[in-house]
Colleague: 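Pasting in a structure now, in structure tokens, and then I'll have a few things to ask.
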Amino acid sequence: MTVASAAFLSGARIMPVLTVPSAASAGPLAEALVAGGARCAEVTLRTADAEHALKAMAAHGGLTLGAGTVLTPEQAERAVAAGARFIVSPGYAADVVAACRKLDVPCVPGVATATELMRALRAGLDTVKLFPAEPLGGIRALRALAAPFPHVRFVPTGGIGADLLTDYLTEPAVLAVGGSWMATAAHQKRGAYREIRRLTAAAVERSMR
């Protein structure tokens with residue numbers, strides 16, 4: 001995959017990372033995110049209803065959707081069939097990357113070390129997820145990892161909230177920031193879609209400064 005693989009973000013610098021407890025919330029969730037200005041989102045395969053939620057959100061339109069927490073080629077295949085336009089995994093797995101290449105969808109593997117990043121580079125990738133960003137050391141860890149690989153772009157996720165968003169976005173190596181604070185499972189369970197819209201809009205506005 002080439003630099004063009006970054007096109008999965010649709011020009012956005014914010015990527016809501018979603019754990020959707022029920023497909024019933026998929027429609028209102030998609031509406032709230034789009035109304036807040038989100039262009040893309042990652043639906044994690046962490047719940048029994050995740051694939052159904054992904055399919056429902058894809059049918060809604062308005063968002064470029066990816067599947068996250070993809071651990072196997074089979075999950076990648078099912079996610080793409082459900083409407084995913086990119087695949088995100090928590091770590092580097094050669095078989096998942098190979099499956100994505102066959103499926104012709106971008107793959108964004110998680111990396112935590114230079115060794116993992118070099119494996120991704122050898123596979124032809126140029127965009128990776130730094131995960132879990134904050135537990136790994138946050139901005140300092142990102143800078144240290146980015147320094148030997150100036151052409152790589154990172155999508156840090158893990159422990160990042162609204163208070164850290166600007167700090168990450170000002171880093172030249174950061175393509176976009178992923179986070180769950182905009183639309184948590186708790187927000188969805190209590191139907192707090194106005195709050196999701198507000199938090200998403202605030203994050204999008206901050207990303208454009």
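No hydrogens, no waters, no symmetry mates; every other heavy atom, side chains included, goes into these values. The model shown is predicted, which means the values in this text are computed figures rather than measured ones.
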Colleague: Does one hydrophobic cluster hold both Leu142 and Val128, with members joined at side-chain heavy-atom distances below 4.5 Å?
Modeller: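 Linked, Leu142 and Val128 end up in one cluster.
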Colleague: Would one find more than 12 heavy atoms of other residues, nucleotides or ligands at under 6.0 Å from atom NE2 of His52?
Modeller: no
Colleague: Indicate yes or no: does Glu116 engage Arg119 in a salt bridge with an N to O separation below 4.0 Å.
Modeller: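 A salt bridge is absent here (no side-chain N lies under 4.0 Å from a carboxylate O).
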Colleague: Tell me, yes or no, whether the heavy-atom count around Arg190 atom CZ, taken from other residues, nucleotides or ligands under 6.0 Å, exceeds 12.
Modeller: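 Enclosed: over 12 neighbouring heavy atoms sit under 6.0 Å from CZ of Arg190.
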Colleague: Quick check against the 3.5 Å criterion: does Gln188 have a side-chain atom that pairs as donor or acceptor with the backbone of Thr19?
Modeller: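 It does hold such a pair.
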Colleague: If hydrophobic clusters are built from ILVMFWY residues whose side chains come within less than 4.5 Å, do Val152 and Val155 share one?
Modeller: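 No, Val152 and Val155 fall in different hydrophobic clusters.
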Colleague: Has Arg206 got a side-chain atom pairing as donor or acceptor with Leu165's backbone, closer than 3.5 angstrom?
Modeller: no
Colleague: Please confirm whether the backbone N or O of Gly11 pairs with a side-chain atom of Arg13, one donor and one acceptor, at under 3.5 Å?
Modeller: no
Colleague: How long is the straight-line distance from SG of Cys40 back to CG of Leu9, given to the nearest 0.5 Å?
Modeller: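 Here the rounded value is 5.0 Å.
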Colleague: In the hydrophobic clustering that connects Ile, Leu, Val, Met, Phe, Trp and Tyr at side-chain heavy-atom distances below 4.5 Å, which members other than Leu33 occupy its cluster, ordered by chain and number?
Modeller: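 Hydrophobic cluster check, Leu33: joined to Leu18, Val20, Leu29, Val34, Val43, Leu54, Met57, Leu63, Leu65, Tyr193, Ile196.
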Colleague: Can you list the steps and then say if Asp95 with Thr72 is a side chain to side chain contact (heavy atoms under 4.5 Å, CB included)?
Modeller: CA-CA 7 Å; Asp95 57 350; Thr72 67; 5.8 Å; no
Colleague: Applying side chain to side chain contact (heavy atoms under 4.5 Å, CB included) to Arg197 and Arg194, what does each step give before you reach the verdict?
Modeller: CA-CA 5 Å; Arg197 175 179 177 174; Arg194 288 185 180 179; 5.6 Å; no
Colleague: Hydrophobic clusters here meaning ILVMFWY residues chained together by side-chain heavy-atom distances under 4.5 Å, can you tell me if Leu136 and Met118 are in one?
Modeller: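 Yes, Leu136 connects to Met118 through the hydrophobic network.
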Colleague: Within the 4.5 Å heavy-atom criterion, are Glu51 and Lys55 side-chain neighbours or not?
Modeller: no
Colleague: How far does NE2 of His151 sit from CG of Asp126, to the nearest 0.5 angstrom?
Modeller: 8.0 Å
Colleague: Minimum heavy-atom separation for Ala12 and Ala176, please, with both atom names.
Modeller: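 Between these two residues, the closest heavy atoms are O-CB, 3.9 Å.
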Colleague: Let me confirm one number: the CD1-OH distance from Ile160 to Tyr168, rounded to the nearest 0.5 Å.
Modeller: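 Rounded to the nearest 0.5 Å, the CD1-OH separation comes to 4.5 Å.
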Colleague: Is Val174 linked to Met182 within one hydrophobic cluster, defined over Ile, Leu, Val, Met, Phe, Trp and Tyr using a side-chain heavy-atom separation of less than 4.5 Å?
Modeller: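 In one cluster with Val174: Met182, yes.
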Colleague: Taking all heavy atoms of Val97 and all of Cys107, pick out the closest pair and write down the distance.
Modeller: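 Heavy atoms of Val97 and Cys107 come nearest at CG2-SG, 4.0 Å.
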Colleague: Consider only side-chain heavy atoms of I, L, V, M, F, W and Y, link residues closer than 4.5 Å, and tell whether Leu175 and Met15 are in one cluster.
Modeller: yes
Colleague: Kindly compute the distance separating CZ (Phe154) from CG (Leu117), expressed to the nearest 0.5 Å.
Modeller: 5.0 Å
Colleague: Are side-chain heavy atoms of Cys100 and Val80 found at a separation under 4.5 Å?
Modeller: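 Not in contact.
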Colleague: So how far is it from Thr69 OG1 to Phe131 CZ, rounded to the nearest 0.5 Å?
Modeller: 7.5 Å
Colleague: Quick check: do Leu199 and His187 have side-chain heavy atoms less than 4.5 Å from each other?
Modeller: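 Counting from C-beta outward, Leu199 and His187 do come under 4.5 Å.
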Colleague: Which heavy atom of Leu145 sits nearest a heavy atom of Phe149, and at what distance?
Modeller: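 Scanning both residues, the minimum pair turns out to be O-CD1, 3.1 Å.
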Colleague: Quick check: do Thr64 and Phe86 have side-chain heavy atoms less than 4.5 Å from each other?
Modeller: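 In contact.
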Colleague: Do you know which two heavy atoms are closest between Val70 and Pro90, and how far apart they sit?
Modeller: O-CD, 3.9 Å
Colleague: Give a yes or no on whether the backbone of Glu171 and the side-chain of Arg143 come within a donor-acceptor separation of less than 3.5 Å.
Modeller: no
Colleague: Taking the side chain as everything from C-beta on, heavy atoms only, tell me whether Thr44 gets closer than 4.5 Å to Val17.
Modeller: yes
Colleague: Which atoms form the tightest heavy-atom contact between Ala133 and Pro156, and what is the distance?
Modeller: CB-CB, 3.9 Å
Colleague: Just verifying a value: how many Å separate Ile14 CD1 and Thr200 OG1, rounded to the nearest 0.5 Å?
Modeller: 9.5 Å
Colleague: Specify the closest pair of heavy atoms between Ala147 and Pro150, including all atoms of both residues, with the distance to one decimal.
Modeller: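 Ala147 and Pro150 have their closest heavy atoms at O-CD, 3.9 Å.
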Colleague: Is it true that a side-chain atom of Thr170 and a backbone atom of Asp167 form a donor plus acceptor pair closer than 3.5 Å?
Modeller: yes
Colleague: Any side-chain heavy-atom pair from Thr127 and Pro106 closer than 4.5 angstrom?
Modeller: no
